[in-house]
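Working notes, structure below.
Values below: every heavy atom of this structure, side chains too, minus hydrogens, waters and symmetry copies. Note that the numbering runs from 1 along the sequence shown for the chain.
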Amino acid sequence: MSAIPSVPRSARTRSWWGWGYTDAHPDDAECAAMGALLPGTLARPLPIPRIADLPIARPAVTPPPSLAHLVTGDPRARAAHAMGKAYRDVIRALRARPGRIPDLVAHPTGDREVADLLDWAGEHDVAVIPFGGGSSVVGGVEYRGDAHRAVLSLDLTSMGRVLEVDTAGRSARIQAGALGPVLEAQLRPHGLTLRHFPQSFEFSTLGGWLATRAGGHYATVRTHIDDFVQSLRVITPAGAGTSWRLPASGAGPSPDRLFLGSEGALGVITEAWMRLQERPCHKASASVAFTDFHRALDAVRAIAQSDLAPANCRLLDAGEALLSGASHDGSSVLVLGFESATGPVGDRLASAVDLARAHSGRAETPTADRDASAVSAWRSAFLRMPYLRDGLARMGAVVETFETAATWDRIPALIDAVRTEVGAAALKITGRPATVNCRLTHVYPDGAAPYFTVAVAGRPGDEVEVWDDIKAVAGEILHRNRATITHHHAVGRDHRAGYDLQRPEPFALALRAAKDALDPHRILNPGVLLD
């Protein structure tokens with residue numbers, strides 16, 4: 001096993017108010033062109049927000065001299081840590097209504113400093129919001145309310161090293177603040193990869209993935225970060241602990257499961273041993289078009305229930321296919337991809353295409369070691385979409401997504417209900433017709449994860465309220481159809497109502513008891529998961 005040197009981060013400038021890098025944002029002309037496609041949007045884009053226009057008060061607390069070198073009260077740092085990257089966060093920044101901005105931002109470099117910051121915060125009634133890349137889309141990294149004297153954003157990105165690599169066991173000990181590209185750059189010399197690539201990969205951290213049980217890009221088999229965890233180290237106000245590094249164990253309830261998905265409410269994940277894989281060198285992809293979306297669902301189910309295990313198996317409905325450029329004739333499109341580190345995957349791709357054809361699919365010619373045309377179009381649109389969403393937000397549009405998962409017997413009716421009822425609700429709320437598109441992002445033998453995009457012209461100045469009202473309708477539909485409130489976006493504060501309905505009451509009782517035991521001063525991410 002060997003230690004790995006740190007890797008410098010990108011020199012590009014991150015946007016404090018919107019998605020990604022500032023140099024990738026649509027300009028005013030592109031924003032206006034997009035807005036013209038959505039009736040009822042603004043005549044010109046809202047201006048790029050300025051930190052100088054935000055209501056940033058002086059910090060309510062001062063750190064002790066022993067911690068002062070870790071902490072900043074710089075207005076730009078505080079503004080960049082005030083919210084995540086959901087639509088409601090972006091539009092609040094554009095309207096200069098960010099909510100409560102943290103008083104201080106801390107950048108610890110090790111476990112001892114994390115523990116010292118938690119001790120100080122507990123003694124002085126300071127809420128602590130663990131912060132990785134800040135890519136939360138569910139209100140997971142902001143403070144709401146006024147129950148605490150002050151708010152500290154605990155940014156872990158200074159803890160971003162791969163500390164050890166066990167090549168024999170294909171695993172690595174990695175600090176939680178490692179951003180996706182930084183993590184992968186340190187694994188690449190070993191020919192290994194974590195193989196976890198969420199859409200937020202560039203702008204999110206290992207600790208964030210673990211704390212939110214994040215889903216990755218791969219559509220089958222190991223879809224969530226949970227599948228790669230060997231052990232965790234967690235710092236809590238009640239003390240620190242590290243689970244044993246084991247390939248498997250049947251010794252009672254898993255300690256790792258307590259903190260996976262805990263969203264910083266029970267402790268701060270600072271390190272993890274993660275299972276790795278060899279880097280794939282064999283790839284093949286294809287797309288299959290369908291005129292009947294429900295036949296396409298049957299095809300996806302057949303592929304998910306086979307032993308083919310595609311890396312990519314995403315079904316785009318007609319609207320989503322048109323939006324991404326994967327289809328222009330009203331067809332739904334299934335995007336298939338296979339990869340391997342050990343041998344060619346063309347036969348597996350051909351078998352999956354045959355299954356799709358058996359359900360009336362029209363297949364593009366499969367291609368090895370390069371993207372099929374529809375696959376390439378979809379991937380480009382996938383990576384660009386968050387930037388375009390922010391451009392539409394500048395035009396006063398309400399553009400946001402939500403996702404879920406349900407068993408196959410419920411999937412067709414669930415998708416139909418969301419399209420119909422969310423569309424009707426948006427029309428009633430705004431007076432404007434809405435676009436409601438759907439794609440399947442992950443598929444399983446027993447079910448699938450539909451991902452919905454909603455776009456409608458908002459009411460100027462009331463965009464947040466419009467989205468909250470639409471989201472409430474969507475949440476009711478999911479609950480009625482016994483679909484989860486979230487498949488991979490986490491709970492945060494925005495999904496609390498749905499999560500409260502979904503979890504069994506005895507589990508809620510145990511979760512509250514764990515909170516009381518691990519965080520007796522109730523300083524860790526208040527309002528996330530539980531009150």
Side-chain angles (χ1 to χ4, degrees), residues 193 195 197-199 215-223 277-385 408 411 415 437-445 447-451:
T193 175
R195 196 180 178 268
F197 300 107
Q199 188 178 35
H217 168 76
Y218 293 95
T220 67
V221 190
R222 290 183 286 267
T223 60
Q277 301 171 65
E278 294 181 32
R279 302 184 72 83
C281 54
H282 302 277
K283 299 182 180 182
S285 61
S287 66
V288 185
F290 295 84
T291 56
D292 185 331
F293 183 73
H294 288 273
R295 290 286 283 164
L297 288 174
D298 291 340
V300 172
R301 177 164 52 85
I303 293 169
Q305 291 175 348
S306 71
D307 60 356
L308 296 172
N312 198 2
C313 186
R314 298 190 180 230
L315 176 61
L316 319 178
D317 72 4
E320 192 76 12
L322 177 63
L323 188 65
S324 67
S327 173
H328 299 279
D329 63 0
S331 297
S332 299
V333 174
L334 172 60
V335 177
L336 288 169
F338 287 82
E339 62 180 43
S340 171
T342 58
V345 292
D347 288 348
R348 288 161 58 199
L349 176 62
S351 295
V353 169
D354 285 345
L355 283 173
R357 284 179 172 143
H359 291 83
S360 303
R362 307 185 311 278
E364 183 178 57
T365 302
T367 57
D369 298 318
R370 66 181 179 86
D371 287 339
S373 59
V375 177
S376 180
W378 166 79
R379 180 173 287 111
S380 296
F382 176 75
L383 295 174
R384 183 65 175 151
M385 191 55 65
W408 282 115
I411 287 291
I415 293 174
N437 294 334
C438 175
R439 66 180 184 266
L440 301 188
T441 61
H442 302 76
V443 296
Y444 305 92
Y451 190 111

*asked:* Please determine whether a side-chain nitrogen of the Lys or Arg among Glu320 and Arg314 lies less than 4.0 Å from a carboxylate oxygen of the Asp or Glu.
replied: no
*asked:* As an exercise, state the distance from NE2 of His442 to OH of Tyr451, rounded to the nearest 0.5 Å.
replied: 10.0 Å
*Nearest heavy atoms of Ser331 and Ala289, plus distance in Å*: CB-CB, 4.0 Å
*Can you check whether Val443 reaches Leu315 side chain to side chain, under 4.5 Å on heavy atoms?*
no
*Using a 4.5 Å cut-off on heavy atoms from C-beta on, say whether the side chain of Leu440 contacts that of Ile415.*
yes
*Between Ile303 and Pro310, which heavy-atom pair has the shortest distance, and what is it?*
CG2-CG, 4.0 Å
*State the OG-CG distance between Ser332 and Leu316, to the nearest 0.5 angstrom.*
8.0 Å
_For a 4.5 angstrom cut-off between non-hydrogen side-chain atoms, does Cys313 reach Leu336?_
yes
*Of the non-hydrogen atoms in Ala302 and Leu355, which two are nearest, and what is the gap between them?*
O-CD1, 4.0 Å
*If you count the non-hydrogen atoms of other residues, nucleotides and ligands that lie under 6.0 Å from CG in Asp354, is the total more than 12?*
yes
*Taking C-beta and beyond as the side chain, do Asn312 and His217 meet within less than 4.5 Å on heavy atoms?*
yes
*For Val333 against Ala321, the heavy-atom pair lying closest together*: CG2-CB, 4.0 Å
_With Thr220 via side-chain hydrogen bond (donor to acceptor under 3.5 Å, both in side chains) - residues at least two apart_ = none
*Roughly how far, to the nearest 0.5 Å, is CE of Met385 from CD of Gln199?*
8.5 Å
*Distance from Thr441 atom OG1 to Tyr218 atom OH, nearest 0.5 Å?*
14.5 Å
*Quick one: does Asp292's side chain get under 4.5 Å of Ser360's, heavy atoms only?*
no
*Listed by chain and number, what are the side-chain hydrogen bond (donor to acceptor under 3.5 Å, both in side chains) partners of Tyr444, not counting sequence neighbours?*
Thr223, His487
*Can you tell if the side chain of Val300 reaches within under 4.5 Å of the side chain of Trp408, non-hydrogen atoms only?*
yes
_Check whether Glu339 reaches the backbone of Lys283 with its side chain - one donor and one acceptor, N or O, closer than 3.5 Å._
no
*Heavy atoms, side chains only, cut-off 4.5 Å: are Arg439 and Asp317 in contact?*
no
*salt bridge (charged side-chain N to carboxylate O under 4.0 Å, His left out) partners for Arg362, two or more places apart*: Asp329
*asked:* For Cys438 versus Pro450, what's the shortest heavy-atom pair and its separation?
replied: SG-CB, 4.0 Å
*asked:* With rounding to the nearest 0.5 angstrom, report the CZ to OG1 distance, Arg279 to Thr193.
replied: 5.0 Å
*Does Ser340 reach the main-chain N or O of Thr342 with its side chain, forming a donor-acceptor pair under 3.5 Å?*
yes
*Looking only at heavy atoms, what is the nearest atom pair of Ala356 and Phe290, with distance?*
O-CE2, 3.7 Å
